[in-house]
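From a predicted model like this one, the values you see are computed outputs, not experimental measurements. Index from 1, following the sequence.
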Amino acid sequence: MKKISHEYLIIGANPSGLQLGHFFENNDMDYCILEKDDCLGSFFLKYPRYKDLNLINNDHRNYENNELSLRWDLNSPFCDNPDLLFKNHSKEHFPNSNDFVKYLKGFAEYYKLNISYNSSIQNIKKDQNEIFTITCGDIVYKCEYLIVASGIPKQIIPKIEGIEG
């Protein structure tokens, strides 16, 4: 079994996990992002089912003030490179979720984020010394700080009287 240690482990290579990874990378922190799939942002390959994001692309907002414009940019992670804003990647009013996945991949590659793909977590434990042990197949990760930035783990279907579920 391979053993790997980091100070920080982030579960999920989605927008929030990548954002945190970007901040850690910029501050030379010891981290790794664990992603269960073979690509980042995999949630957006399946959802939304109609493939269009319901967030208006910031390229279609008419704010002359860049600071105000960024406050309404819900697609772009915060970064120090204005060329990496999503509005420079897609000009669609309601962008396609597949394009968003490509954008996130470019963001992660540009900042050289430390991502471990195909890292499906089987077990998480915390010992008496406050150290987390995360088992992913034949790899065991250890960390002092564990951040869960994962997406929806399973579809939640509420019980509705009269409808079998």
Walk me through whether Lys36 and Tyr117 qualify under side-chain contact (heavy atoms from CB on, under 4.5 Å).
CA-CA 6 Å; Lys36 71 175 178 167; Tyr117 295 100; over 6 Å; no
Distance col, row Leu113:CG vs Glu35:CD, nearest 0.5 angstrom, shows 12.5 Å
Tightest non-hydrogen contact, residues Ile10 and Gly17, listed as CG2-CA, 3.9 Å
Residues 120-136 vs salt bridge (charged side-chain N to carboxylate O under 4.0 Å, His left out), sequence neighbours excluded, gives Lys126-Glu130
All heavy atoms of Gly12 vs all of Ile33, minimum pair found to be O-CG2, 3.5 Å
Closest heavy-atom pair, Phe44 versus Asn98, reported as atoms and distance to 0.1 Å, is O-OD1, 4.2 Å
In one Ile/Leu/Val/Met/Phe/Trp/Tyr side-chain cluster, 4.5 Å: Val140, Ile11: no
### Message
Could you check whether any side-chain heavy atom of Leu34 comes within less than 4.5 Å of a side-chain heavy atom of Cys136, counting everything from C-beta outward?
### Response
yes
So CE of Met1 and CG of Asp138: to nearest 0.5 Å the spacing works out to 6.5 Å
Would you please test Phe132 and Ile124 for side-chain contact (heavy atoms from CB on, under 4.5 Å) and show each step?
CA-CA 7 Å; Phe132 289 96; Ile124 299 175; 4.2 Å; yes
Does a side-chain heavy-atom distance below 4.5 Å link Tyr111 with Asn81?
yes
Separation between NZ (Lys142) and OG1 (Thr135), nearest 0.5 Å, reads 8.5 Å
Between the CD1 atom in Ile139 and the CD atom in Gln122, the distance rounded to the nearest 0.5 Å is 10.0 Å
Rounded to the nearest 0.5 angstrom, the SG-NZ distance for Cys39 and Lys102 is 12.0 Å
| request: Report yes or no: do Ile131 and Val148 belong to one cluster of Ile/Leu/Val/Met/Phe/Trp/Tyr joined by side chain heavy-atom distances under 4.5 Å? | output: no
Aromatic plane relationship, Tyr103 with Phe100 - under 30° parallel, 30 to 60° tilted, over 60° perpendicular: parallel
Quick check: His6 with Tyr145 (ring centres under 6.0 Å apart)? no
Here the pair of heavy atoms bringing Leu40 nearest to Val101 is O-CG1, 3.6 Å
Between the CD atom in Glu25 and the CG atom in Leu18, the distance rounded to the nearest 0.5 Å is 12.0 Å
Test item: Asn114 and Tyr31 side chains (from C-beta on) under 4.5 Å apart, heavy atoms | yes
**OP:** Check the side chains of Ser42 and Asp37 for a donor-acceptor pair under 3.5 angstrom, ignoring hydrogens and angles.
**Re:** yes
For Glu7 and Asp30 the tightest heavy-atom approach is N-OD2, 3.0 Å
Item checked: Validation row: Phe24, Ile147 side chains within 4.5 angstrom (heavy atoms) -> yes
task = May I ask you to check whether Tyr141 and Ser116 show a side-chain donor-acceptor distance below 3.5 Å?
result = yes
* To do: Would you indicate whether the side-chain heavy atoms of Met29 and Tyr8 approach each other to under 4.5 Å?
  => yes
Closest non-hydrogen atoms of Ile134 and Cys143, given as atom of the first, atom of the second and distance, are CD1-SG, 3.9 Å
